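Owing to the predicted nature of the structure, the values given are computational and were not obtained by experimental measurement.
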Amino acid sequence: MTSFEQELRRRIRIITIYAACIGIIVIAAFILKAFVYGSIDTLDSWDIGILAGLLLGAVVSATLRIVRLRRALRSPEVMEVLHIAEKDERNRMIALKTARAGMTLTLLLLSLSAVAASFISKVVFITIAIILAALLALYFALAAYYSRKM
């Protein structure tokens, strides 16, 4: 169980760094937008809402995950339940099948939306096509990586 405990501590550090980096990036984006527009008063409420929502969502999700992991570190029973839930092969198989189906559906929907967008706007079509190509490249790169790893 000590290796799992170390894994939980490592996750807490990673999540903390993630939340801090998102916070720094969002604050830097807000400052850069203020400099581009010349004044904070001229910032659109849409911009402020997007940046604030991104920051709030990242901080809240990171905080909830850290609280859950720290609770598991304090209680051996909770840590054991979490360990079993994560290492259970049935749960892993469900996650694997869900991820595969989700990726397949995402690629299918992006392909269909690219075809539909080609009739409406060339810019939207090219944007969707680039996203589709990037996702396919990521999919094939990860498939090659994991086929060599296993």
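- In this structure the side chain of Ile131 reaches within 4.5 angstrom of the side chain of Thr127, judged on heavy atoms.
- Note that the CZ atom of Arg68 and the CZ atom of Arg71 stand 9.0 Å from one another [nearest 0.5 Å].
- With hydrogens and angles ignored, the 3.5 Å screen pairs no side-chain donor or acceptor of Ser75 with any backbone N or O of Ala72.
- Once rounded to the nearest 0.5 Å, the distance linking CG of Leu8 with CD1 of Ile66 reads 12.5 Å.
- At a threshold of 4.5 Å between side-chain heavy atoms, the hydrophobic network of Ile, Leu, Val, Met, Phe, Trp and Tyr places Leu107 and Phe140 in one connected group.
- Val78 has its side chain out of reach of Leu73: every pair of non-hydrogen atoms, C-beta onward, lies at least 4.5 Å apart.
- Criterion: ILVMFWY side-chain heavy atoms under 4.5 Å apart, direct or through other members. Under it, Tyr18 and Val26 are part of a common hydrophobic cluster.
- Annotation: side chain of Leu82 is in contact with side chain of Leu69 (closest heavy-atom distance under 4.5 Å).
- Between Leu110 and Ser113 the shortest heavy-atom distance is O-OG, 2.9 Å.
- Under the 4.5 Å side-chain contact rule for hydrophobic residues, Leu112 and Leu135 do not share a cluster.
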Which donor-acceptor pairs under 3.5 Å do side chains of residues 86-93 form with protein atoms, sequence neighbours excluded?
| unit_1 | atom_1 | unit_2 | atom_2 | d |
| --- | --- | --- | --- | --- |
| Glu86 | OE1 | Arg11 | NH1 | 3.2 |
| Glu86 | OE1 | Arg11 | NH2 | 2.7 |
| Glu86 | OE2 | Arg11 | NH1 | 2.6 |
| Asn91 | ND2 | Ala85 | O | 2.9 |
| Arg92 | NE | Glu86 | O | 3.4 |

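- The CG atom of Leu109 sits 11.0 Å away from the OG1 atom of Thr104 when rounded to the nearest 0.5 Å.
- With values rounded to the nearest 0.5 angstrom, Thr16 atom OG1 is found 11.0 Å from Arg65 atom CZ.
- Residue Val60 is not grouped with residue Leu55 when hydrophobic side chains (ILVMFWY) are merged at heavy-atom distances under 4.5 angstrom, including chains of intermediate members.
- Annotation: the span from Leu64 atom CG to Ile15 atom CD1 amounts to 10.5 Å, rounded to 0.5 Å.
- Atom-to-atom distance recorded for Glu80:CD and His83:NE2 is 9.0 Å, nearest 0.5 angstrom.
- Linking Ile, Leu, Val, Met, Phe, Trp and Tyr whenever their side-chain heavy atoms come within less than 4.5 Å leaves Phe125 and Leu132 in two separate clusters.
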Task: Worked check of side chain to side chain contact (heavy atoms under 4.5 Å, CB included) between Arg10 and Gln6 - done: CA-CA 6 Å; Arg10 186 181 70 81; Gln6 291 173 349; over 6 Å; no
